[in-house]
Protein chains: 2
Amino acid sequence: MANQESTSSSDKILLAATRIAQAHGYGGLNLRTLAQEVGIKAASLYHHFPSKADLAAAVAKRYWEDAAAALEVLSAKTPDAADCLRKFPGTFRASLENDNRMCLASFMTAEYDDLPDVVKIEIQAFADVNVAWLGKNLVAAGIVGSRDAKKRARAIFAAVSGAQLMARGRSDIKLFDALIDSYRSAGLLPE
Amino acid sequence: MANQESTSSSDKILLAATRIAQAHGYGGLNLRTLAQEVGIKAASLYHHFPSKADLAAAVAKRYWEDAAAALEVLSAKTPDAADCLRKFPGTFRASLENDNRMCLASFMTAEYDDLPDVVKIEIQAFADVNVAWLGKNLVAAGIVGSRDAKKRARAIFAAVSGAQLMARGRSDIKLFDALIDSYRSAGLLPE
DNA sequence: ACCTGAACACCGTTCAAGT
DNA sequence: ACCTGAACACCGTTCAAGT
């Protein structure tokens, strides 16, 4: 099955919406602005997605699917589990490198109270994917037993998310690196 | 100097705005809703604060001032620095206990790109106050030397912020406790 | 199938007008 | 000094109308 040779309209919308949501969140995702970036009118968006909620859910779903795929690629390219764990923060660093953007899931987690249920589900899936991958590698690296894997995996995920948030607040990617470095020295991540 | 016996109008506005911003952020702070909670019309808010930006800046300023005062109280009541560090996550836990709300500064840090400069300044002050207090106690507890205090303090602040965010996303305060527990086991916080 | 202009009830904000 | 209704340009959304 060959891929579509050209990006579909819906894909263009999802791509632009992802970038906007990573910088402004769900509430800050303006449909008139989004439409303008894609080259259509706001009303036309409703031909592709029934509502802003469904659009955001589609964005969040693709976001965790892409993240899951990227983590699998990382695993495939990195045989050593401890190495995988060392490289994990790099996936969060990439967002900051991309115009000081942040994880879409973290931003929307903050917006929890205003999030439609269909979006909440996909946002939680992002955390689940990351935690599962971290847990698997923590066990494989012999850092924790399988009994404690999920708990430790969640701690790493939360800590790295927090580091990204703090670094964004200073527009300082070196602060992100320093925070991750501290996590290593403290023993949360393998040295 | 005696305090005002009754809460002033501006105080009522700041109080209500703080609660709203902790749940919905700067963008989600609706002036008509805020005014209704205080018992006035949206237009009347402009008699107390020149703009939404200035209102939010006043909210954020009081927020970090109150946090600084609370940390000083904690220090005064807790002679042992390591004990202070053990109790630090409790200040973030309190927000979750309060209807699953989160730190106003964390929420607004996510909203960085849409934040007026006057608000950004106060939000950063919140982080500074927490990091300074943590650093002081890390040194006093003999956990790190003064050279590494700020770096480690930032790591704790970022990690605890991330734990609060993740727990809010699940409306699960026990998850927050488990994450903090993991930070202790890993060695980021004193056992 | 896909797009649009115009309309709706909602936002932050202003301002003239009230007490 | 403090409040208000009405208006402004902006939001998400709908819908009748176009190709």
Side-chain angles (χ1 to χ4, degrees), chain A residues 4-21 23-60 104 107-108 111-120 122, chain B residues 4-21 23-60 104 107-108 111-120 122:
Chain A
Q4 299 294 115
E5 61 202 10
S6 66
T7 312
S8 78
S9 269
S10 294
D11 279 347
K12 263 192 259 181
I13 293 167
L14 288 178
L15 218 68
T18 302
R19 286 180 56 85
I20 295 172
H24 307 283
Y26 177 78
L29 176 58
N30 180 318
L31 297 192
R32 281 179 174 84
T33 305
L34 169 61
Q36 197 175 0
E37 279 191 22
V38 179
I40 57 178
K41 299 294 171 185
S44 308
L45 292 171
Y46 288 80
H47 186 77
H48 301 276
F49 302 95
S51 68
K52 182 178 175 177
D54 291 287
L55 166 60
V59 165
L104 184 138
F107 204 140
M108 291 193 180
E111 294 176 293
Y112 184 77
D113 290 355
D114 301 309
L115 230 48
D117 285 337
V118 283
V119 183
K120 272 190 191 134
E122 307 301 339
Chain B
Q4 298 296 116
E5 62 202 8
S6 67
T7 313
S8 78
S9 268
S10 294
D11 279 347
K12 264 193 258 180
I13 294 168
L14 288 179
L15 217 68
T18 302
R19 286 180 56 86
I20 294 173
H24 307 283
Y26 178 77
L29 175 59
N30 180 319
L31 296 192
R32 281 181 175 84
T33 304
L34 170 61
Q36 196 175 0
E37 280 191 22
V38 179
I40 57 177
K41 299 294 173 185
S44 307
L45 292 171
Y46 287 80
H47 186 77
H48 301 276
F49 301 95
S51 69
K52 181 178 175 178
D54 291 287
L55 165 59
V59 165
L104 183 138
F107 204 140
M108 290 193 180
E111 294 175 294
Y112 184 78
D113 290 355
D114 301 309
L115 230 46
D117 284 338
V118 283
V119 183
K120 271 189 192 139
E122 307 301 338

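Please read these numbers as outputs of a predicted model, since none were measured by experiment. Quick note on labels: first sequence line is chain A, next is B, and so on, each numbered from 1.
Between F49(B) atom CZ and dC3(D) atom P there is a gap of 12 Å when expressed in whole angstrom units. Rounded to a whole Å, the CG atom of L34(B) is 17 Å from the C1' atom of dC10(C). Atom NZ of K41(B) is separated from atom P of dA16(C) by 22 Å (rounded to the nearest Å). A straight line from CG of D11(A) to P of dC2(C) spans 13 Å, rounded to a whole angstrom. Note: CG (D54(B)) to C1' (dG12(C)) measures 13 Å, nearest angstrom. Atom CD1 in I13(A) sits about 11 Å away from atom C1' in dC2(C), given to the nearest Å.
For K52(B), taking side-chain heavy atoms from C-beta onward, the closest of the listed nucleotides dT13(D), dT14(D), dT13(C) is dT13(C). Set against dG5(C), dG12(C), dA6(D), the side chain of A43(B) has dA6(D) as its closest nucleotide. When the nucleotides dT13(C), dT4(D), dT4(C) are ranked by their closest atom to the side chain of Y46(B), dT13(C) comes out on top. The side chain of L31(A) lies closest to dG12(D) when the candidates are dG12(D), dT13(C), dC3(D). With dT4(D), dT13(C), dC3(C) as the candidates, the nucleotide lying closest to the side chain of I40(A) is dC3(C). Between dC15(C), dG12(D), dC2(D), one nucleotide has an atom nearer to the side chain of R32(A) than all others, and that is dG12(D). When each of dA1(D), dC2(C), dT4(D) is scored by its nearest atom to the side-chain atoms of H47(A), the top-ranked nucleotide is dC2(C).
Between S44(B) and dC2(D) there is no side-chain N or O to OP1 or OP2 distance below 4.0 Å. Look at H48(A) and you'll find a side-chain N or O under 4.0 angstrom from OP1 or OP2 of dC3(C). In this model, the phosphate group of dG12(D) is approached by a side-chain N or O of N30(A) to a distance below 4.0 Å at OP1 or OP2.
Remark: L34(A) CG to L55(A) CG distance equals 6.0 Å, nearest 0.5 Å. Within the model, atoms CG of L29(A) and CZ of F107(A) stand 10.5 Å from one another, a figure rounded to the nearest 0.5 Å.
In K120(A), the NZ atom is crowded: over 12 heavy atoms of neighbouring residues, nucleotides or ligands sit closer than 6.0 Å. Sparse packing is recorded around CD of Q36(B), with 12 or fewer heavy atoms of other residues, nucleotides or ligands lying under 6.0 Å away.
The partner of dT13(C), taking Watson-Crick or G-U wobble pairs whose two distances both stay under 3.5 Å, is dA7(D). In this entry dC2(C) has dG18(D) as its Watson-Crick or G-U wobble partner, both defining distances falling under 3.5 Å.
Across all strands, L45(B) comes closer than 4.0 Å to no nucleic acid atom at all (heavy-atom distances). Residue contacts for L55(A): at a heavy-atom cut-off of 4.0 Å it reaches no nucleic acid atom on any strand shown.
For the pair K52(A) and Y26(A), the cation sits on the ring face: its NZ or CZ lies under 6.0 Å from the ring centre, inside 45° of the axis.
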